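Reckoned from all heavy atoms, side chains included, excluding hydrogens, waters and symmetry mates. Letters A, B, ... mirror the listed sequences (proteins, then strands); counts begin at 1. Predicted, not measured: the structure shown is a model, and the values here were computed from it.
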Number of protein chains: 2
Amino acid sequence: MTATPTPRVTIKDVAARAGVSKGAVSLAFNHKPGLSEATRDRIFLAARELGWSPSLTARTLAGSRVDVVGLAVCRPARVLGLEPWYMEFVSGVESVLAEHSSSLLLRLVRNMDEEVGVQEAWWRGRQIGGSILVDFRADDPRVAMTERLGMPVVAVGHPSLTGGLTSVWTDDATAVTEAVRYLAALGHRRIARVGGAADLGHTSIRTAAFDEAAGALALAGAWQVATDFSGDAGARATRSLLTAAPADRPTAIVYDNDIMAVAGLSVAAEMGLRVPEDVSLLAWDDSQLCRLTHPTLSAMSHDVHGFGAEVARTLFSVITGGEGGSHPVPTPVLTPRGSTAPPKV
Amino acid sequence: MTATPTPRVTIKDVAARAGVSKGAVSLAFNHKPGLSEATRDRIFLAARELGWSPSLTARTLAGSRVDVVGLAVCRPARVLGLEPWYMEFVSGVESVLAEHSSSLLLRLVRNMDEEVGVQEAWWRGRQIGGSILVDFRADDPRVAMTERLGMPVVAVGHPSLTGGLTSVWTDDATAVTEAVRYLAALGHRRIARVGGAADLGHTSIRTAAFDEAAGALALAGAWQVATDFSGDAGARATRSLLTAAPADRPTAIVYDNDIMAVAGLSVAAEMGLRVPEDVSLLAWDDSQLCRLTHPTLSAMSHDVHGFGAEVARTLFSVITGGEGGSHPVPTPVLTPRGSTAPPKV
DNA sequence: ACTCTTCACTGGACCGGTTAAGGGAGTGCG
DNA sequence: CGCACTCCCTTAACCGGTCCAGTGAAGAGT
């Protein structure tokens with residue numbers, strides 16, 4: 001990339017036009033004391049006339065703040081495009097960033113090593129003032145990385161996964177338990193769960209919680225399948241769960257996201273099974289998608305947008321030296337719709 | 001945001017450790033001639049030992065390149081989260097950016113004025129080396145802005161909308177015509193289209209093309225509805241189209257995106273209409289979602305990921321001073337699936 | 001032996017801001 | 001009248017790189 005032909009207007013031009021020094025302009029634009037109202041006005045007027053705004057690059061280099069927040073996402077592009085969670089999360093983050101006029105530096109990475117590399121380069125290169133870390137795994141290398149770099153971050157994930165990092169998290173274990181209890185209360189005794197990627201920390205948490213809940217309720221059947229979160233995988237998993245003899249197959253299935261639940265709905269239809277009479281389906285996340293199907297999908301729903309906003313707020317607090325700690329957000333709540341009912345039998 | 005406590009290692013430290021000057025380190029890291037192999041190696045070794053990588057901020061300020069590309073998106077967050085197109089597009093863009101180790105600066109904006117402000121601030125502040133402009137409207141202010149700033153951009157949209165800017169676009173008019181012809185060939189004489197936001201340029205193009213195709217084929221009925229691209233709006237539009245008496249209502253509906261088609265499918269089911277026997281549905285974009293419904297959705301499909309990649313490639317070419325011009329990408333092709341068939345009557 | 005190149009590298013100005021230290025004018029007070 | 005104290009504003013040193021003119025030494029040519 002090469003430079004541009006545009007004649008850039010700099011702080012010097014503004015200073016000259018306002019008849020003051022660079023320093024005065026800087027003071028004015030940072031709302032610092034030490035300038036008379038009159039001068040301040042002259043400076044702002046000059047800046048407006050020249051269409052000048054301070055160069056964030058120079059400002060950053062001069063050692064003050066960095067108004068950019070990093071987010072590296074490590075999931076296959078194919079899955080991402082369909083995963084409503086991400087965009088909603090990002091839009092929640094953005095809503096808070098915008099208030100601080102800072103932006104999101106986004107990068108799709110293929111694996112954890114690449115993410116660590118990207119984060120480190122961003123931080124070292126002063127590209128970002130802090131970062132949002134998502135999709136924690138067991139023994140996540142980003143915990144050590146963060147401590148090594150001393151970079152302000154917010155980790156999205158349960159404290160058991162995120163080490164000592166400041167974290168924002170939803171209580172997945174409780175949510176899973178609630179989902180299973182709800183289905184059991186409807187009378188289901190054979191329940192399956194189509195889970196997400198097995199290497200993700202929150203998947204393990206949900207898997208363990210499901211096992212525990214199934215045990216506690218002494219279910220007659222409890223299945224769990226790991227997928228890659230894609231609709232295809234959800235369809236495959238559903239198909240294989242439902243091909244068993246009627247007496248042996250689950251009467252209710254919990255999905256780890258919306259897309260797989262939609263896919264499950266379609267598989268049930270294709271197999272001639274009615275939802276919810278023959279099989280109940282319960283989605284997760286509850287994007288708009290759940291209200292667009294027929295029947296509508298019951299779901300564990302939470303405010304993903306608000307979650308993103310909370311993450312961003314927490315990050316700003318960490319960046320400005322506030323205290324970190326662990327920030328749980330409200331547990332997803334069950335939103336019953338048309339896809340869950342007592343089993344027919 | 002305040003600075004960090006970390007002792008930053010700079011080019012000076014590396015230079016000292018390698019026993020050379022700053023300039024030499026700079027040469028080495030930019031792979032420029034003028035250094036012996038031995039010195040080069042010593043420098044890289046020193047850098048590795050100190051864990052140093054050049055500060056992009058300083059590098060940018062010093063006037064070379066800017067390795068960041070901007071993208072401001074101006075649609076309601078609610079819609080975005082569900083719109084598979086965007087994430088797929090972004091992931092396509094990213095795939096090319098990654099090769100150049102540059103990143104995407106993303107911002108969700110509420111309106112065009114805000115976008116113009118953001119783009120201008122980014123450019124003025126040397127935050128970005130170029131930008132991707134999407135969702136063009138008639139008389140789009142970004143055309144003038146770009147020319148005023150002399151900023152390298154790629155406009156995603158038909159040349160008739162993007163003025164003299166370098167553009168990458170799909171031939172929506174031809175695609176709409178093909179869609180209508182296909183449905184007409186199946187025997188449909190009453191066809192509706194549930195379009196996107198009316199203020200978007202590509203919506204107007206599709207609307208005009210639909211009118212023209214309907215006229216050319218002398219259809220007995222042709223409806224068009226504008227929406228905000230959301231599933232809810234798609235459902236509402238579908239419901240109102242299908243409430244007419246059987247002899248007066250459309251027997252086929254074309255949607256401007258996937259989500260609305262999914263919503264339409266569910267509305268048809270809710271109204272007791274069979275798809276495709278009673279009404280045929282045709283989606284647009286063809287994300288994975290179209291294969292997850294029952295019946296599967298026929299769609300006008302194109303390679304959104306590849307489209308994003310092409311946009312990014314074109315932007316790099318513009319940034320490096322290559323020639324701009326107009327870059328059409330392949331027209332969406334019809335992918336028939338289970339949701340389209342000859343009308344029952 | 002002398003000049004001319006070439007090669008490898010250095011020194012320092014510069015990018016566009018921030019910031020601490022400093023200076024001059026005006027005012028209050030003894 | 002002199003002194004201290006504000007209040008405003010300027011000066012200049014950074015921040016961490018890039019880039020270019022320049023230097024010194026080795027090798028080539030005559």
Side-chain angles (χ1 to χ4, degrees), chain A residues 1-4 6-43 46-47 50-67 121-127 129, chain B residues 1-4 6-43 46-47 50-67 121-127 129:
Chain A
M1 299 194 182
T2 56
T4 129
T6 322
R8 305 260 189 180
V9 22
T10 77
I11 198 174
K12 223 181 306 178
D13 306 315
V14 176
R17 179 172 250 265
V20 295
S21 68
K22 296 198 308 174
V25 178
S26 177
L27 289 182
F29 265 75
N30 291 305
H31 303 105
K32 295 205 172 170
L35 286 184
S36 68
E37 272 311 309
T39 311
R40 218 173 271 275
D41 290 347
R42 259 194 3 264
I43 292 174
L50 293 171
W52 178 80
S53 57
S55 153
L56 283 191
T57 307
R59 193 175 254 187
T60 297
L61 182 56
S64 58
R65 100 240 73 207
V66 183
D67 285 317
W122 277 348
W123 175 250
R124 283 243 153 80
R126 277 178 157 289
Q127 294 260 98
Chain B
M1 302 194 181
T2 57
T4 127
T6 322
R8 304 260 187 180
V9 21
T10 78
I11 198 175
K12 222 181 304 179
D13 306 316
V14 177
R17 180 173 249 265
V20 296
S21 68
K22 298 198 305 173
V25 178
S26 177
L27 289 182
F29 266 76
N30 290 306
H31 303 105
K32 297 205 173 172
L35 286 184
S36 68
E37 272 311 310
T39 313
R40 217 173 273 274
D41 289 348
R42 259 196 359 269
I43 292 174
L50 294 171
W52 178 80
S53 57
S55 153
L56 283 192
T57 306
R59 193 175 254 187
T60 297
L61 184 55
S64 60
R65 99 238 71 201
V66 183
D67 285 317
W122 276 348
W123 175 250
R124 284 243 153 81
R126 278 179 156 287
Q127 294 259 100

Chemist: For DNA chain D, whose closest nucleotide is more 5', that of Lys32(B) or that of Gly19(A)?
Modeler: Gly19(A)
Chemist: Determine whether Ile43(A) and Leu35(A) satisfy the following criterion, side-chain contact (heavy atoms from CB on, under 4.5 Å), listing intermediate values before the conclusion.
Modeler: CA-CA 10 Å; Ile43(A) 292 174; Leu35(A) 286 184; 4.2 Å; yes
Chemist: May I have the distance from Leu61(B) (atom CG) to dT18(D) (atom P), rounded to whole angstrom?
Modeler: 11 Å
Chemist: Please determine if a side-chain N or O atom of Lys22(A) lies less than 4.0 Å away from the OP1 or OP2 oxygen of dG16(C).
Modeler: no
Chemist: How many whole angstroms separate atom CG of Leu56(A) from atom P of dC15(C)?
Modeler: 19 Å
Chemist: Once you round it to whole Å, what is the distance between P of dG17(C) and CD1 of Ile43(A)?
Modeler: 13 Å
Chemist: Nearest-Å distance, CZ (Arg124(A)) to P (dG17(D))?
Modeler: 11 Å
Chemist: Can you check whether Ser21(A) has a side-chain N or O nearer than 4.0 Å to OP1 or OP2 of dT11(D)?
Modeler: no
Chemist: Under 4.0 angstrom, heavy atoms only, what part of the nucleic acid is Val25(B) near: base, sugar-phosphate, or nothing?
Modeler: nothing
Chemist: Taking the side chain of Ala24(A) as its heavy atoms from C-beta onward, which of dG17(D), dG16(C), dT10(D) lies nearest to it?
Modeler: dT10(D)
Chemist: Taking CG from Asn30(A) and P from dG16(C), how many angstroms apart are they, rounded to a whole number?
Modeler: 17 Å
Chemist: List the steps and the verdict of side-chain contact (heavy atoms from CB on, under 4.5 Å) for Trp52(A) and Val25(A).
Modeler: CA-CA 11 Å; Trp52(A) 178 80; Val25(A) 178; 4.0 Å; yes
Chemist: Whole Å only: how far is the CD1 atom of Ile11(B) from the C1' atom of dC14(D)?
Modeler: 16 Å
Chemist: Whole Å only: how far is the CG atom of Leu35(B) from the C1' atom of dC19(D)?
Modeler: 14 Å
Chemist: For the pair made of CG in Leu27(B) and P in dA8(C), what is the distance, rounded to whole Å?
Modeler: 11 Å
Chemist: Assign Thr57(A) to base, sugar-phosphate, or nothing according to its heavy-atom contacts below 4.0 angstrom with the strands shown.
Modeler: nothing
Chemist: Verify the contact: side-chain N or O of Ser55(B) to OP1 or OP2 of dG16(D), cut-off strictly under 4.0 Å; return yes or no.
Modeler: no
Chemist: Please check: side-chain N/O of Asp13(B) versus main-chain N/O of Thr10(B), any donor-acceptor pairing under 3.5 Å?
Modeler: yes
Chemist: Want to settle it: does Gly34(B) or Ala58(B) sit nearer the 5' end of DNA chain C, counting the closest nucleotide to each?
Modeler: Gly34(B)
Chemist: For a quick test of reading the model: is some side-chain N or O of Ser36(A) closer than 4.0 Å to OP1 or OP2 of dC9(D)?
Modeler: yes
Chemist: For dG16(D), does either OP1 or OP2 sit under 4.0 Å from a side-chain N or O belonging to Thr10(B)?
Modeler: no
Chemist: Nearest heavy atom decides the nucleotide; on that basis, is Ser26(B) or Arg42(A) closer to the 5' end of DNA chain D?
Modeler: Arg42(A)
